[in-house]
Amino acid sequence: MARGAVALSLLALTASLGYGQRQTKNSCLDCHSVLPEPLGVTQETFSHDIHAQKGLTCVSCHGGDAVTDDPTQSMSRKAGWKGKIDRRQIPALCGSCHSNPNYMRQYDPSLRTDQLSQFHTSIHGQRLAAGDTKVAVCTDCHGVHDLRAPNDPMSMVYPVNIANTCAHCHADAQYMKGYSIPTDQFAKYGKSVHREDLMVRGDLSAPTCTTCHGNHGAAPPGVDKVQNVCSTCHVFQAQMYDKSSHKAAFDAASLPGCVVCHGNHDIAHPTDAKLGTGAGAVCMQCHTPGDACDQARAEMLSQLTRLDAAVTNADQALAIAESAGMEVSEARLGQSEARDSLTKARVAIHSFRKDLVDQYVQTGLKIAGKDLQAGQKAMVERNRRRAGLGISLIAIGMVLAGLWLYIRKIEH
Amino acid sequence: MTVLRNMRNWLYERLEWDDLIAPLRKKTVPLHRLSYWYFLGGITLFLFVIQVLTGILLLLYYRPGANEAFESVQYIMTQVQFGWLIRSIHSWSANLMIFTAFAHMFSVLFLKAYRKPRELTWISGVILLVLAMGFGFSGYLLPWNTLAFFATKVGTDIAGQVPFIGHPIMIFLRGGEEVTGATLTRFFGFHVAVLPGLVTVLIAFHLLLVQRQGMSVPPKVERDWSANPSAKRELKFFPNFVLRELMAWYAGLGVLGALAAIFPWDLGVKADLFASAPAGIKPEWYFLFMFQTLKVIPSKVLFIDGDVLGILAFGLVGLLWLLLPFLENGRVALSKQWITGLSVFALAYVIAMSVYGYVTN
Amino acid sequence: MATSDPGIVNSGAQPSASMPRRGFVELLLGGGFLATAVAFIYPVLRYFVPPRTVDLGGDSVVAGKVGELQLNSGKIFRFGNRPGLLIRTASGEYRALSAVCTHLSCTVQYRPDLREVWCACHNGMYSLDGRNISGPPPRPLETFDVQVRGEEIFVTRRREG
């Protein structure tokens with residue numbers, strides 16, 4: 001009785017708010033908007049759904065007859081009612097529109113229509129075909145009933161939300177039991193420089209799970225293909241690595257390229273210490289101390305350290321000059337060039353060639369040296385100012401003393 | 001020396017200034033233990049002259065305009081020889097001038113120098129102080145750096161909250177709805193043309209009154225002197241007082257030079273119209289007590305907007321301040337202790353609020 | 001005495017000693033006035049001398065000389081306190097843009113092979129009119145006006161609003 005009254009008043013409310021004014025009546029919501037989860041879908045929820053916004057209704061996916069108020073008729077198999085969609089059927093149901101270029105063209109001509117065929121190639125798709133219903137289907141990642149467009153910040157597949165969406169299953173050790181893959185990727189990614197870029201700096205182009213694993217065709221990139229994935233953004237590094245001796249060696253040992261030194265999910269911002277011998281160092285995991293490679297490593301490391309120190313030195317000199325009130329913005333600009341050289345030298349490490357690293361280091365050293373000089377010159381200039389001030393103050397002191405004596409004289 | 005004497009004689013034959021300087025020769029300055037305070041007005045005047053001279057020098061290289069102002073000041077600070085000195089002196093002297101003007105005002109207040117017949121001197125002095133703060137406010141924006149940009153934004157915003165006339169005033173100050181290059185052009189005009197003209201005329205008036213009326217003697221000293229006329233002492237204005245004032249000016253120059261050489265005025269970062277405001281935006285120190293007051297007033301007092309209330313209160317206080325000489329002997333005469341008490345309170349309030357504003361964010 | 005300041009006294013003469021001779025005071029005063037006059041006037045005179053580096057104004061700079069750039073090449077020039085990129089296209093036209101990548105502020109460069117502006121840090125790509133066309137850059141590069149006057153190539157920032 002009470003529920004009926006609520007339903008009725010809600011109905012009145014939704015009607016008065018202008019819902020359901022569309023010519024095609026939607027009787028589904030009359031009941032489902034007041035039903036509890038999982039059967040409940042309110043008009044409010046559904047209004048955020050991209051499909052609702054494009055004019056699709058419940059019937060578009062679930063079938064049935066939304067015009068009649070009689071539940072036995074509206075939800076009859078005769079009227080094409082499908083009820084709850086079986087997980088195994090979901091990809092095909094979505095694909096019935098999304099894989100049809102002719103149909104999709106009317107909404108967004110540039111939208112891809114290969115999601116379903118990609119899904120079939122993914123681990124998710126292959127396992128689903130083999131009868132595993134625990135794997136992700138369309139709705140697990142995109143949501144259902146309030147399915148938002150991927151560029152909607154509330155969408156589950158908006159760049160900053162993707163990792164959470166994947167982690168929903170992949171970080172759940174209980175759920176993932178029975179699969180032979182780890183569940184710590186999300187925790188590791190949380191510590192990575194990529195996540196920091198994406199979440200802290202807000203760079204939406206920074207990599208998240210799908211950037212490397214793909215989305216609809218989600219699968220691990222494959223040991224020998226990692227470098228191709230990384231190189232989509234880190235071009236220089238990949239080019240240099242490709243020509244380096246490591247490429248052949250790693251391929252022969254079927255080591256996963258970039259990942260060998262940088263890791264995968266927990267890629268941290270690399271430091272020069274990676275080239276060292278202490279904690280976090282990587283070279284000596286394979287190389288023998290004292291061999292030619294070890295010597296080259298030590299030389300490159302010392303070159304980088306030298307330039308880094310030179311840049312820091314110049315920075316400090318300029319900071320001192322600035323705190324003394326001197327204008328050194330010109331040299332500050334130069335410092336960004338020196339830093340550029342340092343970055344390039346660090347990138348050049350991926351060629352594993354001393355001469356190339358040295359070339360950038362020398363350029364950087366020259367600039368940093370000039371900036372250091374500018375900072376020192378500014379301090380010399382400051383001392384000159386103080387000397388000038390001293391002379392002027394002496395002159396002023398003379399006048400003051402003279403005036404004082406003069407006043408005394410005329411008043412005596 | 002003979003050459004100089006000849007030149008003087010040559011000029012004297014043509015100008016005969018005896019009657020012109022006669023009042024100055026006759027003029028005396030009372031000499032007592034509070035005579036120090038007589039120097040403050042002269043020092044303020046001296047700093048104003050410094051401002052005019054260095055301001056003119058800066059005009060040789062400064063260019064108003066959102067695209068050029070910052071760069072031209074940077075040019076003055078880095079490329080022009082001794083440009084750093086001229087600009088730093090201009091900035092330091094501006095701040096010292098406001099400070100000495102404040103000190104001058106409070107000394108006049110405590111020594112009761114505003115009393116009849118010096119009401120007009122007081123009023124012109126208060127207006128001069130307001131104009132000096134206008135100089136500060138408009139000049140602060142001219143280097144077009146981030147801090148100045150946002151301080152101007154906040155300052156003109158506050159002006160815009162005055163009921164009824166606030167919005168038109170804000171539009172007038174900004175030259176539009178927002179602080180833009182148009183505001184800079186306006187402020188430049190105020191700073192180098194409008195304000196200097198007004199201030200020069202008012203200073204002339206202020207000095208004329210001082211010359212006509214002579215120096216005021218504090219009531220207590222006056223009483224002592226009338227009780228014991230032999231204790232009365234005076235100093236000849238020329239040359240004795242002038243020479244002392246000259247010493248003060250030279251000392252002031254030394255201080256200015258030292259400040260400019262040791263603490264060159266900061267250039268800051270070029271203003272970006274679309275950047276978000278940096279945290280802890282504060283106005284120049286002489287606006288800080290008003291700014292801080294507006295911050296501590298609750299956003300709603302009864303049904304009135306807190307900011308509006310604060311602005312109206314400052315307006316009222318400012319008006320009473322201006323008319324202070326008339327409060328003491330007008331029809332609504334306040335007792336003399338009252339005025340002294342209020343002055344002490346005002347000084348303590350300004351200092352306390354400024355310090356509070358300085359230490360908090 | 002209103003201004004008697006012992007600090008000044010001690011540096012000059014001993015007040016308790018017999019009065020200094022007239023000549024000394026005048027010498028001190030005259031010398032002091034002369035020295036301070038020099039100290040004040042010298043900086044001002046130097047200030048009048050226009051600096052050797054020509055100041056074109058904050059929104060204009062000489063980016064290079066005609067003939068300095070080959071067809072289909074680019075060079076970095078200094079614009080205020082940030083780098084700019086001057087490009088001579090394959091058809092001989094000059095273009096100028098900010099060289100600061102809108103992604104992570106690396107310095108961009110001209111890629112003759114692609115005929116586009118490229119940021120080496122993360123493979124960001126801009127068209128010759130500054131539009132971000134691929135890679136991570138979130139915004140286009142600021143573009144400048146280029147004018148060739150005589151032998152010099154002037155680059156001017158576009159006026160606001």
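Both backbone and side-chain heavy atoms feed into the values below; hydrogens, waters and symmetry mates do not. Every chain is numbered from 1 and lettered A, B, ... according to where its sequence line falls, protein lines coming before strand lines.
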Should we say atom [atom1] of [X] is surrounded by more than 12 heavy atoms from elsewhere, each under 6.0 Å from it?
X: Lys354(A); atom1: NZ; value: no
X: Phe352(A); atom1: CZ; value: yes
X: Lys377(A); atom1: NZ; value: no
X: Arg131(C); atom1: CZ; value: no
X: Arg384(A); atom1: CZ; value: no

To the nearest 0.5 Å, what is the distance between [atom1] ([X]) and [atom2] ([Y])?
X: Ile396(A); Y: Phe40(C); atom1: CD1; atom2: CZ; value: 4.5 Å
X: Leu29(C); Y: Leu400(A); atom1: CG; atom2: CG; value: 10.0 Å
X: Leu403(A); Y: Leu28(C); atom1: CG; atom2: CG; value: 9.0 Å
X: Arg339(A); Y: Cys106(C); atom1: CZ; atom2: SG; value: 12.5 Å
X: Thr107(C); Y: Asp340(A); atom1: OG1; atom2: CG; value: 4.0 Å

| field | Glu337(A)/Arg78(C) salt bridge by N-O under 4.0 Å criterion | value | yes

| query | Can you name the closest pair of heavy atoms from Leu405(A) and Phe24(C) and give their distance? | reply | CD1-CE2, 4.0 Å

| query | Going by heavy atoms in the side chains, are His103(C) and Ser205(A) under 4.5 Å from each other? | reply | yes

| remark: Bottom line for Pro138(C): the part with an atom under 4.5 Å from chain A's heavy atoms is neither

| query | Relative to chain C, which segment of Thr343(A) carries a heavy atom at a distance below 4.5 Å: side chain, backbone, both, or neither? | reply | neither

